[in-house]
J.: 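Sharing a structure with you now.
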Amino acid sequence: MDRIVAEVIDAMGRGDREALIRLFHPYLHWTEGSLTVRGRTKVLAHVDGVPAPPVDYELRDGQIYRWVSAQDR
């Protein structure tokens with residue numbers, strides 16, 4: 001698992017919003033099944049709990065730009 005993905009999962013487990021803001025790209029695309037949420041602020045409002053590691057992700061500028069969840073919600 002990529003270090004940044006591990007940091008995201010850890011920060012979510014601690015409820016560390018400040019860390020997530022640093023780790024998530026402003027134009028983040030977060031996909032769970034057929035639902036895609038776009039934008040760091042919207043993703044932070046949407047995500048509840050600690051996600052499983054993604055099945056796919058993309059980094060831009062050292063931040064998570066795209067996250068594809070391993071499970072549907």
Side-chain angles (χ1 to χ4, degrees):
M1 178 181 342
D2 190 287
R3 174 189 60 81
I4 294 177
V5 171
E7 287 181 26
V8 166
I9 291 170
D10 180 60
M12 291 184 114
R14 293 181 285 115
D16 189 344
R17 184 178 175 89
E18 303 254 339
L20 292 170
I21 289 170
R22 287 190 306 274
L23 294 165
F24 286 160
H25 192 277
Y27 302 115
L28 171 64
H29 293 197
W30 187 276
T31 302
E32 297 172 341
S34 62
L35 174 68
T36 297
V37 180
R38 291 188 173 100
R40 177 172 55 207
T41 303
K42 290 178 182 176
V43 170
L44 288 170
H46 168 78
V47 174
D48 183 32
V50 180
V55 293
D56 195 21
Y57 66 94
E58 180 181 343
L59 300 176
R60 286 202 184 162
D61 303 322
Q63 297 173 305
I64 298 287
Y65 176 76
R66 187 173 53 85
W67 180 289
V68 179
S69 180
Q71 54 187 315
D72 286 28
R73 285 198 155 184

J.: Atom NE2 in H46, atom OG1 in T36: separation rounded to 0.5 Å?
T.: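 The distance works out to 9.5 Å.
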
J.: Quick check for you: to the nearest 0.5 Å, what is the distance between L59 atom CG and Y65 atom OH?
T.: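 It is 12.5 Å, given to the nearest 0.5 Å.
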
J.: Using 0.5 Å steps for rounding, measure from the CZ atom of R66 to the CZ atom of R60.
T.: 9.0 Å

J.: After noting the C-alpha distance and the side-chain angles of W67 and V43, does the key distance pass the side chain to side chain contact (heavy atoms under 4.5 Å, CB included) rule?
T.: CA-CA 10 Å; W67 180 289; V43 170; over 6 Å; no

J.: Could you tell me which residues satisfy salt bridge (Lys or Arg N to Asp or Glu O under 4.0 Å) with D2, sequence neighbours excluded, listed by chain and number?
T.: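 Residues passing salt bridge (Lys or Arg N to Asp or Glu O under 4.0 Å) with D2: none at all.
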
J.: Could you tell me whether a side-chain N or O of R40 sits under 3.5 Å from a main-chain N or O of F24, the two making a donor and an acceptor?
T.: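 Checked: pair present.
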
J.: Can you name the closest pair of heavy atoms from V5 and I64 and give their distance?
T.: CG2-CD1, 4.0 Å

J.: Quick check: closest heavy atoms across A52 and I9, and the distance to 0.1 Å?
T.: C-CD1, 4.4 Å

J.: For the residue pair I21 and Q63, what are the closest heavy atoms and their distance?
T.: O-NE2, 4.0 Å

J.: Write down the atom of V55, the atom of S69, and the distance for their closest heavy-atom approach.
T.: CG2-O, 3.9 Å

J.: Who pairs with R17 by salt bridge (Lys or Arg N to Asp or Glu O under 4.0 Å), at least two apart in sequence or on another chain?
T.: none

J.: Taking atom CG of D10 and atom CZ of R3, what is their separation to the nearest 0.5 Å?
T.: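 D10 atom CG to R3 atom CZ measures 12.0 Å (nearest 0.5 Å).
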
J.: Nearest 0.5 angstrom please: L20 CG to E7 CD, how far?
T.: 10.5 Å

J.: Would you please test R38 and Y27 for side chain to side chain contact (heavy atoms under 4.5 Å, CB included) and show each step?
T.: CA-CA 6 Å; R38 291 188 173 100; Y27 302 115; over 6 Å; no

J.: Which atoms form the tightest heavy-atom contact between G13 and V50, and what is the distance?
T.: CA-CG2, 3.4 Å

